[in-house]
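Predicted model only: the values in this text are computed from it and were never measured.
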Amino acid sequence: MTHTVLVTGVSRHIGARLATALAADPGIDRVIGVDTVPPPSPARDGGAPLGRTEFVRVDLRSPDIAQVIAAADVDTVVHMSLVSGPAQSRSAMKEHNVIGTMQLLAACQRSATVRRVVVRSTTAVYGSSPHAPAVFTEDTEPVDVSHSGYAKDAHEIEGYARGFARRRPDVATSTLRFANFMGAGIDSPLTRYFSQPVLTTVFGFDPRLQFVHEDDAVEVLRRMAVEDHPGVFNVAGDGVLLLSQCARRAGRPAVPVPSPAFRVLGGLARNAGLVDFSPEQIVLLLHGRAVDTTRLSAELGWKPKYSTAAAFDDFLRSRGIGGDLQVAMVDWLSGLATRW
Amino acid sequence: MPASGADGARVIPISAARGAPPPGPSDERLAELFAFLRRRVSGEYEVDEFGFDPELNDKVLLELIRPLYHHWFRVETLGLENVPADSGALVVANHSGTLPVDALMMQVALHDEAKRPVRLLGAHLVYQLPVLGHLARKTGHTLATPEDADRLLRKGELVGVFPEGFKGVGKPFSERYKLQRFGRGGFVASAIRAGVPIVPCAIVGAEEIYPKVGDFQTLARLLGVPYLPITPFFPWLGLLGLIPLPSKWLIEFGEPIRTDEFDPDEADDPMLVFNLTDQVRETIQQRLNALRLRRGHAFPPLF
C-alpha cells in the first residue's frame, strides 16, 4: 500500500539512516528526503549513503513543502526535522521546529494522498523534576512543563500533531517520544558530554538516564512508516543507567560541583562552544528521567535490541572510550592481596 | 564507592567456604571483596527504573545503619509471618521521632528479617535535597505519587508508606503514640487498584529518640522545612544533641487486610477508601497501645 514516503530532516544522521532503510524496501516506490541543507556526501563527510532517495532542498518554514507533497503524491510523511541543539540562535531553532511543523502539517491536512504521518518528539516533553513520578507513561501529565528550549518546542509540536490527528481522523498519526539517542553515528549534546575527558556532574545528584540505540530508533521509525500505528509512544532502551554508572563505564572521572556552579559552568561551556548545554540538559543531569515503553512493545510486538546499558556501551566502543585504569588498579590490588 | 571497602568486607557470606578449610575463609572473602569493588568501579551493576541499587543498599548503606538497629535501639520484630514472602503488599506504619529514623529501622527489619527490600514512598522534600534524594532512590525508595505506588505494587514489590507524613514524624513529645490524620487515604486507593493486602505496622520506640518539646517555627519557615525541633538536647548541645536516645524498639507487623475482594474501580469510591483508611488506622493505634504496654519503659536499663 505504501508508495511514496517523505522524510524530513534527512540531512541529519537518524533521518538519513531512515531514508536508507526505506529505500532498501522494495515495497516502497519512492523515498523523498527533504531538508534545509543538503545531506553530507558519503565520500567526503562520512554521511550515510541515501540509496535511491531523492533529495529536495526545502525550507520547511515556507509553503513550498505543500508543492512537494502534492507533486509526488506522497502518502506517508515522517517528520524527523526536530533540532535539539541550539545550532544558531534560539529563535532560529524555534522557527525551524515549530513553524516548520505547522507548515508541514498544514500541507498534510490539505493533501488528499497523505494517509500516514509520523512525528518525532522526545521524552524531554515530560521534563525532569523531583516532583514527578519516577517513570513516565504516555498518559503522565508533566509536572513542570518546560518554558523554554527544545522541550517546549516538542511540546508545541505534539500539540499541533494532536490537532492534526483530530482534524484528519482518516490519517494514522503517530507521535514518537524518543529517549536520548546513543550509537556510533550520533552527535548530540549528550554524546559530546560523554566524550569529554572529565565529566562535570552536580554534587548530590545522580540522575537516571535512558538511551535508545540508533539502530532501534531507525527500526521503530521504519515500522511506523510502513504500518499504521496511531497514537503516542515512548521509545527507549530497557532499563536505566545512573550518571555515576555511565561515568564509571566510560572510565572517566566525575567531578561533582555544586548546582549553581554547574549552571554557571554549563553556560560558560556553551558560550565557548565546547558543549551545547541547554537548561534542559542541565535539569536532566540533576533529576534524570525514565519512561515506560510497554505501549510500544505491545503495539509493535517488538523489543529494542539494545538495552540502555548496551546502547551506551556500543557508543563507548565506537568512540574508543573506556578507561580500564580503575579496573586495572583493582585487579592489581587484588593480585597483590592474594599473593600475600 | 571508595568508602565501601571496610563495610563490604564485613557482610560477605563465608558459608560457601566452610567445606574447604585450606584456602581459608579470609581468601574467599577477599576475592569477593575485590569482585565487588571491580563491579562497582566498572559500573557493571544493575539499577532498576526507580534507581534502586540492591547491592549498594545491602553491602554499604544498610550496613551503616545495622549497628544502630541491633545495638543502639535493640529492635525486636513481631509478626514477620504477616509479610508476604514474594508478592506485592502495602506496609502502612505510624511515623514518629522528629527525624525519620523509623523508616530506616523498618527498612532493616524487612530487608534482613523478612528478606524483602521495602520500597518506601517519601515526601517531596526528600527528593528536592541533594544527596538525600538520590540516596533515597538508591536504597529503593521513591516519591509518594499514585503513579509510582501503583507501578511498584503491580510489579509485586513490598511498598511501605507512612500516611501521617510530617504531621506524625514532627509531632510534639506530649502527643506520643497518638496517631495523626492518615492523609487523604491515597495509599488505600493504590492497594485496591493493585488488589494487594495492606499490612498494618506498629513501631514503638521511635517516639523517644528525639523528644520534641518545642519548635523554631519562624526559622523553619525561613529554611523551607516543616519544623525545626527543640529537644532537651538540641540545639543546646550542638551536634551532640543529634545523637538519638537509645530507646528500646518493637516493630510489629499485623494481620494483612485484604483488598482483593474489591473491584479495582472501587478505588474511586471515597466512602470505601475512608472506611478502609479508618480501619487501618484503628488497627495500628490498638497495636501501638498493646506494644507500648508490652515494652514497658523506653529506657529499660535506667529504670
Beyond-backbone contact of [X] with [Y], side-chain heavy atoms, under 4.5 angstrom:
X	Y	value
B:R40	A:R248	yes
B:E44	A:Q245	no
B:F50	A:V240	no

Using non-hydrogen atoms only, which part of [X] is less than 4.5 Å away from chain A: side chain, backbone, both, or neither?
X	answer
B:D48	backbone
B:T142	side chain
B:R38	both

(message) Return the CZ to CH2 distance between B:F34 and A:W332, rounded to the nearest 0.5 Å.
(response) 10.0 Å
(request) Starting at OG of A:S129, measure out to CD of B:Q128 and round the result to the nearest 0.5 Å. (result) 8.5 Å
Look at atom [atom1] of [X] and say whether more than 12 heavy atoms of other residues, nucleotides or ligands are closer to it than 6.0 Å.
X	atom1	result
B:K155	NZ	yes
B:L239	CG	no
B:R184	CZ	no

Would you mind checking which part of [X] comes under 4.5 Å of any heavy atom in chain B, side chain (CB onward), backbone (N, CA, C, O), both or neither?
X	value
A:T137	side chain
A:A132	backbone
A:L241	neither
A:D292	both

Return the minimal non-hydrogen interatomic distance between [X] and [Y], and the atom names on each side.
X	Y	answer
B:P130	A:F205	CB-CE1, 3.6 Å
B:H134	A:G204	CD2-O, 3.5 Å
B:Y45	A:S244	OH-OG, 4.3 Å

(message) Please determine whether a side-chain nitrogen of the Lys or Arg among A:D206 and B:K138 lies less than 4.0 Å from a carboxylate oxygen of the Asp or Glu.
(response) yes
(request) If the plane angle is over 60° it's perpendicular, under 30° parallel, otherwise tilted; pick one for B:H124 and A:H131. (result) tilted
(request) Using atom types as modelled and distance alone, determine if a side-chain donor or acceptor of B:R151 lies under 3.5 Å from a backbone N or O of A:V135. (result) no
(message) As a test of understanding, state which of B:L143, B:D150, B:T145 forms a side-chain contact (heavy atoms from CB on, under 4.5 Å) with A:P133.
(response) B:T145
